[in-house]
Amino acid sequence: MQRHPLITAVSLGLFAGAATSTALAEATPLEQQLKDLESFQVIAHRGASGHAPESTMAAYELANEWGADYLELDVQITSDGELVVFHDDAIDRTSDGEGNIHDYTLEELKALDTGTWFNDANVDKADPAFAGAQILTLEELFERFGHDARYYIETKSPLLNPGLEEALVEALEEHDMIENGRVLVQSFEQGSLLKLRELNQHIPLIQLVWYSPSEEDNDRLVEWTGVTPAPADITDEDFQAIKEYAVGIGTNVTYNGEDVIDADFIRQAQENGLPVHVYTINEVDEMKRLQDWGVNGLFTDYADRLLELAD
């Protein structure tokens, strides 16, 4: 599969000097994973969530079958300390339950139906097999795909999930995911990423950012958590501060239909050694536009569409 190359070479600090075929052949799996970030990455957002219930085994099966570069997922912790793959803090939207996911035990969550809602909302894509789909544990996902897939994991709502980073690192180490180049970990919370770095300095981390108008001044863009200045004001030093702990950036490109970043933002991040992955892009025209900008990867609910473009 052909990939769109970077506009500029990404310096990840692991490939000093001219790379030769011999050197590449001797790269460790983790080094090779970081090298692969120089090419275009298809990131299946919550699996093939445009075709199957998000974050379910059916969605991940499809995305893996199609050949997505990464299976994207969110991890949270149950009340009895189990890591589960689930996006929302509340279970109401995508299950037949209600309330906060953190208040349920794994056994209680396993009794929920997280597939029927999709059939009801997507009659043209409904499948009787989706009904009764269970919330996945991270362990179940790793057991199913092992090292045959790469995983793009978000530490979701870390302030509501105390102990999340420790539990995640333990799971990644137990399944040998880090040294085998199988995982990227992302978060909007810089503190969560810094904690992960303290626990295991080898985990490749992605800093998520979200740009939107300021509540005080609608004409001024701000980053949701304050991790960077507005795109128009961002400097090389700001990107370098992120590069101290992360290997890339994940960002939105629009807010309410208006661009919040541009090709210059992408180029500047890359020139500072940070690949840029944009979320969540589902329309083909927008995929093409961002590929023309030289982004390093896209999160999408429709990995099949993006894979066809990337081929």
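The basis for the numbers below is simple: all heavy atoms, side chains too, and nothing from hydrogens, waters or symmetry mates. Heads up: numbering here begins at 1 and tracks the sequence. Everything quoted here is computed from the prediction, not taken from an experiment.
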Visitor: Does the Asp262 side chain pair with the main chain of Asp264, one donor and one acceptor, at a distance under 3.5 Å?
Guide: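 Indeed, once roles are kept as given, a pair shorter than 3.5 Å links the two residues.
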Visitor: Could you tell me if Gln268 and Asp236 have a donor-acceptor pair between their side chains, going purely by distance under 3.5 Å?
Guide: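 The answer is yes; a qualifying pair exists.
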Visitor: Looking at Asp176 and Arg182, is there a salt bridge between them, counting it only when a charged N and a carboxylate O are closer than 4.0 Å?
Guide: no
Visitor: If we ignore angles and hydrogens, is there a donor and acceptor under 3.5 Å between the side chains of Tyr152 and His277?
Guide: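 On atom types as modelled, these side chains qualify, holding a pair under 3.5 Å.
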Visitor: For Gly273, does its backbone N or O pair with a side-chain atom of Lys243 as donor and acceptor, under 3.5 Å?
Guide: no
Visitor: Is there a donor in the side chain of Asn296 and an acceptor in the side chain of Gln270, or the other way round, less than 3.5 Å apart?
Guide: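 Yes, side-chain donor-acceptor contact under 3.5 Å.
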Visitor: With a 4.5 Å heavy-atom cut-off, do Pro213 and Tyr255 have their side chains touching?
Guide: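 A side-chain contact exists here, since the closest heavy-atom pair is under 4.5 Å.
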Visitor: For the pair His51 (side chain) and Asp304 (backbone), establish whether a donor and an acceptor sit closer than 3.5 Å, ignoring hydrogens and angles.
Guide: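 It does not hold such a pair.
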Visitor: If you count every heavy atom of other residues, nucleotides or ligands that lies below 6.0 Å from Gln240 atom CD, does the total exceed 12?
Guide: yes
Visitor: Sub-3.5 Å donor-acceptor pair from the side chain of Gln76 to the main-chain atoms of His87, do we have one?
Guide: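 Checking the backbone N and O of His87 against the side chain of Gln76, a donor-acceptor pair under 3.5 Å is found.
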Visitor: Hey, is the main chain of Glu140 close enough, under 3.5 Å, to the side chain of Thr137 for a donor-acceptor pair?
Guide: yes
Visitor: Okay, side chain of Glu223, backbone of Trp210: is any donor-acceptor separation there less than 3.5 Å?
Guide: yes
Visitor: To the nearest 0.5 Å, tell me how far Ile43 CD1 sits from Gln186 CD.
Guide: 8.0 Å
Visitor: Keeping the roles fixed (side chain from Asp92, backbone from Gly99), state whether a donor-acceptor pair exists under 3.5 Å.
Guide: yes
Visitor: Let's go through Ser214 and Asp217 carefully: what are the C-alpha distance in whole Å and the side-chain angles of both, what is the deciding distance for side chain to side chain donor-acceptor pair (under 3.5 Å) to 0.1 Å, and is it a yes or a no?
Guide: CA-CA 5 Å; Ser214 165; Asp217 179 1; over 6 Å; no
Visitor: Determine whether a donor-acceptor pair (N or O, by modelled atom type, separation under 3.5 Å) exists between the side chain of Thr235 and the backbone of Asp238.
Guide: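 Yes; judged by distance alone, with no hydrogens or angles, the pair exists.
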Visitor: Start with the C-alpha gap between Tyr70 and Phe299, add the side-chain angles, then the distance that decides, and say whether ring-ring contact (aromatic ring centres under 6.0 Å, His included) holds.
Guide: CA-CA 9 Å; Tyr70 282 90; Phe299 297 80; 9.2 Å; no
Visitor: Check this for me, if you would: do Glu54 and Arg93 make a salt bridge, where the nitrogen-to-carboxylate-oxygen distance has to be below 4.0 angstrom?
Guide: yes
Visitor: Under 3.5 Å, is there a donor-acceptor pair between the Thr228 and Tyr211 side chains?
Guide: yes
Visitor: With distance as the sole test, does Asp74 use its side chain to make a donor-acceptor pair with the main-chain N or O of Lys156 at under 3.5 Å?
Guide: no
Visitor: For Ala246 and Gln207, which heavy atoms make the closest approach, and how far apart are they?
Guide: CB-N, 4.1 Å
